[in-house]
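Below you'll find the structure, written out as structure tokens, and then a few comments.
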2 protein chains.
Amino acid sequence: MVLTTRVDKVEQRRLELAESALRTLGDLGYARTGLREIAANSPFSHGVVHYYFHDKIELITFCVRHYKTICSRRYDDAVASATTPQGLVDDVVAIMSRTLLDDAALHRLWYDLRTQSIFEPGLREDVRDIDLLLQAMVGRIVARAVELGAGQALVDEATAYAAVDGLFEQALVAASRGDDAAQEAATLLGRRVAALLRSIVA
Amino acid sequence: MVLTTRVDKVEQRRLELAESALRTLGDLGYARTGLREIAANSPFSHGVVHYYFHDKIELITFCVRHYKTICSRRYDDAVASATTPQGLVDDVVAIMSRTLLDDAALHRLWYDLRTQSIFEPGLREDVRDIDLLLQAMVGRIVARAVELGAGQALVDEATAYAAVDGLFEQALVAASRGDDAAQEAATLLGRRVAALLRSIVA
DNA sequence: GAAAAATCTTGACAACTGTCCAGAGCGTCC
DNA sequence: GGACGCTCTGGACAGTTGTCAAGATTTTTC
């Protein structure tokens with residue numbers, strides 16, 4: 001596709017800047033991330049940010065929206081291909097432990113921005129959208145476990161999501177203490193999510 | 001106790017400033033809270049902060065330590081006085097829903113600072129201490145439920161804490177959307193924590 | 001009551017922030 | 001070739017930040 005309209009090129013630049021912003025936010029956190037730092041992690045100078053985005057908030061919002069396209073379908077293959085409840089839990093837990101280690105910056109960014117949304121109303125709607133997407137993701141896992149005969153769901157979708165999410169955030173905080181701690185956190189996360197899932201669908 | 005040593009007075013000033021910092025941080029969030037704003041919410045001027053604290057980090061750290069003395073014993077009475085598993089869960093859930101509404105700023109601050117600790121190593125140890133304290137708090141609730149004949153614990157203490165904490169954070173984020181949303185979040189939180197507790201100790 | 005010490009205010013500093021803008025560089029079209 | 005529009009740079013702006021220090025004020029000590 002050589003034919004790139006002007007609109008396409010603009011959208012591509014916005015994506016480039018968003019990727020750079022995601023990297024920077026995941027590294028430094030929202031409180032310490034400035035527009036210049038984001039631009040420094042991109043091929044452009046700091047002025048260009050305001051050429052493609054009206055606001056800092058608009059850029060961050062764009063980032064958060066971009067994030068959801070990366071995350072929310074992560075377990076779909078495992079859900080589709082599982083044949084036993086045991087196998088489903090094993091696969092899900094393996095993916096979760098791996099993404100904790102591989103995509104740590106992305107996850108750090110997500111929890112940071114979700115917390116920021118408490119103080120910054122401009123972020124709330126987008127954060128809420130993603131939360132619902134992630135909740136549906138967990139819901140599909142639970143529903144599939146029920147379908148495979150693991151039992152019945154003892155809590156609703158929102159409760160299951162919040163509980164699993166709590167475990168993931170706990171692991172992410174623990175993983176920030178260093179490489180060894182991250183490895184251990186990933187192992188514990190796997191065990192704990194498995195135990196929890198078996199408790200809430202039985 | 002009229003006899004106040006010099007050390008006592010210093011400690012009292014540090015507490016006053018910490019209280020003001022807790023208020024400000026809970027209102028504005030870590031990213032938007034400056035030393036001048038903290039001082040403005042206290043009877044002192046901004047320069048005095050560096051008279052009692054070497055650093056901004058030292059002040060924040062002191063705040064976090066102060067926070068733990070407020071929070072970690074919140075459910076002890078309910079745990080001690082409960083006579084049935086049902087009654088225990090009801091009491092705990094009632095306290096939790098109430099503190100979500102009454103101490104929202106304090107809880108906002110806690111989740112904000114815990115996330116900041118991912119990016120700011122200077123906060124990690126204190127945050128970890130509090131996390132362990134809160135975990136023990138949840139552990140006492142679960143252990144008491146078992147003691148009262150609710151069944152056996154299906155997950156370990158850390159898992160139970162992370163799951164309940166996930167529900168609480170979910171409710172806090174939802175509560176930030178306004179007064180009506182906060183009321184609904186408190187109700188849902190109660191129902192969900194009760195359902196979760198009954199699932200993990202059965 | 002004077003001297004000394006502790007406490008607090010005020011203003012300054014360098015560094016940083018988000019935002020904006022004048023102009024340079026560029027390719028495209030008449 | 002000249003004019004035009006899109007893209008990007010780099011600097012400037014007003015405001016904020018954490019930090020510090022000189023001096024005023026209060027409290028303590030002798």
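Sequence lines set the chain letters: A, B, ... in the order given, protein chains first and strands last, and positions in each chain run from 1.
- Ring geometry for A/W110 versus A/Y67: interplanar angle under 30°, hence parallel rather than tilted (30 to 60°).
- Distance, B/Q12 CD to D/dT27 P: 14 Å, rounded to whole Å.
- When distances run from any side-chain atom of B/Y51 to the nucleotides C/dA6, D/dT7, C/dT9, the shortest one goes to C/dA6.
- In this structure, B/L59 atom CG and D/dT19 atom C1' are separated by 14 Å, rounded to whole Å.
- Using a 4.0 Å heavy-atom cutoff across all strands shown, A/Y52 reaches sugar-phosphate atoms only and no base atom.
- For B/K56 and B/Y30, the positive end sits near the middle of the six-membered ring, less than 6.0 Å away and at most 45° from its axis.
- Here D/dT19 presents its P atom at 10 Å from CD of B/E58, a figure rounded to the nearest Å.
- In terms of the salt bridge (Lys or Arg N to Asp or Glu O under 4.0 Å) criterion, residue partners of A/D103 (sequence neighbours excluded) are, by chain and number, A/R74.
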(Q) Strictly under 4.0 angstrom, non-hydrogen atoms only: write out the protein contact profile of nucleotides 17-23 of chain C, one letter per nucleotide from the 5' end, B, S or -. (A) BBB----
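- Per the geometry, CZ belonging to B/F53 stands 12 Å off P belonging to C/dC8, to the nearest Å.
- Listed for the A/R124 side chain is a donor-acceptor partner under 3.5 Å among the backbone atoms of A/S117.
- Figure legend: B/R32 and A/F119 shown without cation-pi pairing, the cationic atom not lying both under 6.0 angstrom from the six-membered ring centre and within 45 degrees of its axis.
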